[in-house]
Protein chains: 2
Amino acid sequence: METSKKRSDCPLSGSLDVFGDKWSLLIVRDLMFGNKCTYNDFLKSDEGIATNILASRLKGLEENGIVEKSAHPDSKAKFLYRLTPKGIDLLPVIMEIYIWSDKHYEMPPDLKATIREAKKDKEKFTKQVTKELKMRMVDK
Amino acid sequence: METSKKRSDCPLSGSLDVFGDKWSLLIVRDLMFGNKCTYNDFLKSDEGIATNILASRLKGLEENGIVEKSAHPDSKAKFLYRLTPKGIDLLPVIMEIYIWSDKHYEMPPDLKATIREAKKDKEKFTKQVTKELKMRMVDK
DNA sequence: TATATTTGCTTGCATTTTGCAAGTGCAAAT
DNA sequence: ATTTGCACTTGCAAAATGCAAGCAAATATA
């Protein structure tokens, strides 16, 4: 197996090797908040990811233990993509990006409200969402 | 002026348009923790950024109000790059990436100790580092 | 049962971005 | 006066991206 070499010992650079691109965290977002879990779900997201890029990102996320692919309960033609615990642990990272964004850019009002609410008690929000996501893991 | 179009209304995708690549946050890291502030400083970082990429990333970060370029007090041949308040506000994002990394990967022991300490009281750590960074802003 | 459609991709190809090496112009040190 | 340092720019090959089309298996429809 070909292990891609690290650029340095810095954990930040190592993390960016995993999700430092324009698409990976959007897939994680869709899994966390978008109620999306299939290839076509991700394809339909507003940003319009190209199908080959989606395939390569899903592969990368899977190889890095962020998402996990399994059989879909409804159909053999579908697959179910889910966040692993490691993927769920990206919630605080994504939250802080939203909070940063809220501070420096405009955004849809409903989302803004949610973020401000979450910001009030980050730990509570994180724990609650994490719990929900872990529950989703064992479903089916 | 050519404004690059947003991929969607999602603040996460907008943020990734700003710093969603393998290099931008490493430059921010160098400015935050590495005591680096010149072009050559960034070039010398362990990851070995290519000089043309560094130039383009610094330009992007500047255009997006994350860093600011000014005259260097020591020499007319040098320039000083500094984080803006908006750039300093990325501290919590970077912190959470470090914390995620600490949970899921190995890392240098001294850095690990710092991260664990910061994690104990994130708000205290954030406030203190932010204060130091803002002080650095007004120096010179 | 035959046909059409859905699903999750892969392939080909043009365009863009990256990475590497070399070069440039100005400032400063020797 | 010449060399060195600094902050880039340029050229070019290689890799990644984006777009459209194709494809096999599974499912839905006629």
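Atoms considered below: every heavy atom in the structure, side chains included; atoms not considered: hydrogens, waters and symmetry mates.
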(message) With a 4.0 Å cutoff (strictly under), does any side-chain N or O of A/Lys69 reach OP1 or OP2 of C/dC9?
(response) yes

(request) May I ask you to test the B/Met137-B/Leu83 pair for a side-chain heavy-atom distance under 4.5 Å? (result) no

(request) Figure out the NE2/C1' separation between A/His72 and C/dG8, and round it to whole Å. (result) 12 Å

(message) Between P on C/dG25 and CZ on B/Phe79, what's the gap in Å once rounded to a whole number?
(response) 16 Å

(message) Protein within reach of the bases, or only the backbone? For nucleotides 18-30 of chain D, mark each nucleotide 5' to 3' as B, S or -, using heavy atoms under 4.0 Å.
(response) BBBB----SS---

(message) Between B/Trp23 and B/Phe42, is the ring centroid distance below 6.0 Å?
(response) no

(request) Would you mind reading off the distance between B/Asn40 atom CG and D/dC8 atom P, rounded to a whole angstrom? (result) 10 Å

(message) Side chain of A/Tyr39, heavy atoms from C-beta onward: which of D/dA7, D/dT17, C/dC9 has the nearest atom to it?
(response) C/dC9

(message) Could you tell me if the side chain of A/Ser45 sits less than 4.5 Å from the side chain of A/Arg29, heavy atoms only?
(response) yes

(message) To the nearest 0.5 Å, what is the distance between CG on B/Leu12 and CD1 on A/Ile97?
(response) 5.5 Å

(request) Measure the distance from CZ on A/Arg7 to P on C/dT18 and round it to the nearest whole Å. (result) 12 Å

(request) Mind calculating the distance between CG (B/Leu54) and C1' (C/dC20) to the nearest angstrom? (result) 15 Å

(request) Would you check if A/Met32 and A/Val129 make a side-chain contact, meaning some heavy-atom pair closer than 4.5 Å? (result) no

(request) Could you tell me the separation between the NZ atom of A/Lys59 and the P atom of C/dT11, rounded to a whole number of Å? (result) 11 Å

(message) Strictly below 4.0 Å: does B/Tyr81 bring a side-chain N or O up to OP1 or OP2 of D/dC6?
(response) no

(request) For B/Lys122, enumerate each residue passing the salt bridge (charged side-chain N to carboxylate O under 4.0 Å, His left out) test, keeping only those at least two apart in sequence or located in another chain. (result) B/Glu96

